[in-house]
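A short write-up of the structure that comes next.
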Amino acid sequence: MRYSQYKTINELSESLNEALVYVADTKNYALLEDCLMAMTAISDVLLNESGKEADKAKCILADMYKILEILDNPEDDIPKLGNLSGDLANECKTNLKYKLRILFVAELGSKWDSMKSVYEAFLERDDCDIDVVLEPIFRATQLPNGETKAEIIYDDWLTPLGINHIPYKQYDMATIQPDITFISQPYESVTVPMFWPENIAKYSKLVYLPYYAAMALNETERDSFFNMPIQGCAWRIICQSEKMKECYEKYASRQGENVLVTGLPKWDYPMSLNEENTPCPEEWKEKLAGKKVFLLNTHFNTQLLPLESETFGVINYFLRHKDIALIWRPHPMTETVNKLYHEDQYEILKEIENAVLSSPNIVIDTSTSYAPAFVWSDALITVCSSLISQYLMIDKPIAYKWFNLNIPDTGELFAYDRIPCTGKNELLEEWVNDVIAGNDRYRDDRIYLQEKYYYLAGGNVGFRVMNTILSEFSNEHGVK
């Protein structure tokens, strides 16, 4: 039975006990009709139980039948009513079991890692029923001429993963009212209203699983992040560290009262990857074979300039050095954002893509999962990105391409000065040569970053989140 049914039965059985004790003590039968209605409501739920729970339901129904026999001829055994109804209430509380209805709201496939291990942890429980709903993501912009361009992203990437899901139009939140709902998309402007945090929170306990690890929060970002509606609507927010919780306590509307420090589930996924469970894509093999492989991660708002520019000096460098290989993984919104916002840059983007596709040593990775890129690369070159936190989990060299060489203002959340910067081409070449030679000069710095900022990682954050959320639910409702 659902938790809501379990709660109703226990409330009714407690009220029934109080009423029957009163009847037994006073021999006032005015409450008998209410008692019969309560037992009818309880039996309606119990008669729908199946399996082992059906056997328990039969025992409770038998106890109710004993009460009904006395009520049919109350003068004979009325003193027994109090004991029988007390036993009934206790049996309902201790012997009946409930199932929680858990909902995961998925959107872009590239963000599934933020809830994947939590979803898998809940799947192993027999006291939870799991639903996954796939929602669309909207991207729209107002052009200078007043015209609006929009794109809807709604790709079924769940079925190939073997995950059954419900199309969003077929899911009625108000009717189903899941006990707990997990989301990772906090921005209302890109989702349908039914999945806005305040609307989910009307019908369910909302849990926010961040899809990125906060590494730098300047004043503007801080004001925006901590004032999102989800900060106030979420029943619980999953948090990466105690330092991040301090930020919630200082800046968020609820001062961190709904924040749980568990680490981020998205750290589990990279730690589970290896060459056996993540084969190299066939179309990559020829270009990567026998070479040291580097992974390049770029953001969608990177200014796209010709190949000889400093900005795309990394790609140009690999086009000139064909003895090493590059996996270029652009942000999944790169194509969309530049097509909608920057038509001139979009043409340059296509020029860069064409140069890469015709090269013998560079591949473009636009797949949903970063898994193959992580497993089959030897090192990462990246812009300021939360991908750094995930790549740290697989203990491979990392450098970031910060074009103006200024270290970001990170506060207490991350120390970028522990990551080598390759903002100039000569620095890039020096670092690449170190990687080729197996000279991992910055490994101690990576270990420092893991131990200081990601100390809760370990491959089991999903189970920690599940256990913590269920404990919070139990404590709040006074149930086991």
Side-chain angles (χ1 to χ4, degrees), residues 269-299 302 307-331 352-367 369-385 387-403 416 418-447 449-450:
Y269 185 50
M271 301 182 77
S272 71
L273 302 176
N274 56 57
E275 292 186 4
E276 291 185 6
N277 62 27
T278 312
C280 183
E282 285 296 324
E283 62 273 21
W284 291 9
K285 289 182 178 179
E286 184 177 350
K287 290 190 175 186
L288 305 187
K291 301 181 180 74
K292 210 68 167 179
V293 181
F294 295 78
L295 170 60
L296 174 63
N297 170 52
T298 56
H299 197 262
T302 298
L307 287 176
E308 63 272 12
S309 71
E310 183 64 39
T311 305
F312 269 79
V314 176
I315 291 179
N316 195 30
Y317 179 86
F318 279 85
L319 286 171
R320 291 186 285 107
H321 293 79
K322 297 178 175 54
D323 57 328
I324 52 179
L326 182 70
I327 301 170
W328 177 24
R329 186 171 175 82
H331 188 284
I352 294 168
E353 289 179 353
N354 290 334
V356 165
L357 290 172
S358 62
S359 71
N361 63 323
I362 306 178
V363 298
I364 301 177
D365 179 20
T366 57
S367 58
S369 173
Y370 58 69
F374 271 41
V375 171
W376 296 98
S377 62
D378 299 294
L380 170 68
I381 305 169
T382 180
V383 293
C384 179
S385 166
L387 197 74
I388 292 174
S389 70
Q390 293 156 280
Y391 207 81
L392 277 169
M393 304 301 156
I394 61 176
D395 193 26
K396 295 180 181 181
I398 302 172
Y400 72 91
K401 183 75 174 174
W402 199 257
F403 304 115
Y416 272 96
R418 296 278 183 157
I419 299 284
C421 176
T422 61
K424 293 184 177 179
N425 285 341
E426 57 267 27
L427 297 177
L428 171 65
E429 186 162 13
E430 178 184 347
W431 179 79
V432 167
N433 288 334
D434 276 343
V435 173
I436 293 172
N439 182 15
D440 194 356
R441 287 192 289 152
Y442 300 94
R443 187 167 188 270
D444 288 345
D445 290 303
R446 296 200 306 276
I447 292 174
L449 292 172
Q450 288 176 311

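Computed from a prediction, not measured in an experiment: that's the story for all the values here.
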Sequence neighbours left out, what passes side chain to side chain donor-acceptor pair (under 3.5 Å) with Glu282? Give chain and number order. Lys285

Check whether Gln390 reaches the backbone of Pro270 with its side chain - one donor and one acceptor, N or O, closer than 3.5 Å. no

Mind checking the NZ-CD1 spacing from Lys292 to Ile436? Nearest 0.5 Å is all I need. 8.0 Å

Would Ile381 and Leu428 count as a side chain to side chain contact (heavy atoms under 4.5 Å, CB included) if you check the C-alpha gap in whole Å, the side-chain angles of each, and the deciding distance to 0.1 Å? CA-CA 9 Å; Ile381 305 169; Leu428 171 65; 3.9 Å; yes

Assess whether ring pair (Phe, Tyr, Trp, His ring centres under 6.0 Å) is satisfied between Tyr391 and Tyr370, documenting all intermediate values. CA-CA 10 Å; Tyr391 207 81; Tyr370 58 69; 9.0 Å; no

Separation of Glu430 CD from Asn439 CG (nearest 0.5 Å): 9.5 Å

From CH2 (Trp328) to OG (Ser359), nearest 0.5 Å: 11.0 Å

Could you tell me the separation between the CD1 atom of Ile364 and the CG atom of Leu326, rounded to the nearest 0.5 Å? 9.5 Å

Are there more than 12 heavy atoms of other residues, nucleotides or ligands under 6.0 Å from atom CD of Glu286? no

Is there a donor-acceptor pair closer than 3.5 Å between any side-chain N or O of Asn277 and the backbone N or O of Ser272? yes

Rounded to the nearest 0.5 Å, how far apart are CZ of Phe318 and CG of Asn361? 8.0 Å

Would you compute the distance between atom CG of Leu319 and atom CD1 of Ile362 and round it to the nearest 0.5 angstrom? 4.0 Å

Give a yes or no on whether the backbone of Ser367 and the side-chain of Arg329 come within a donor-acceptor separation of less than 3.5 Å. yes

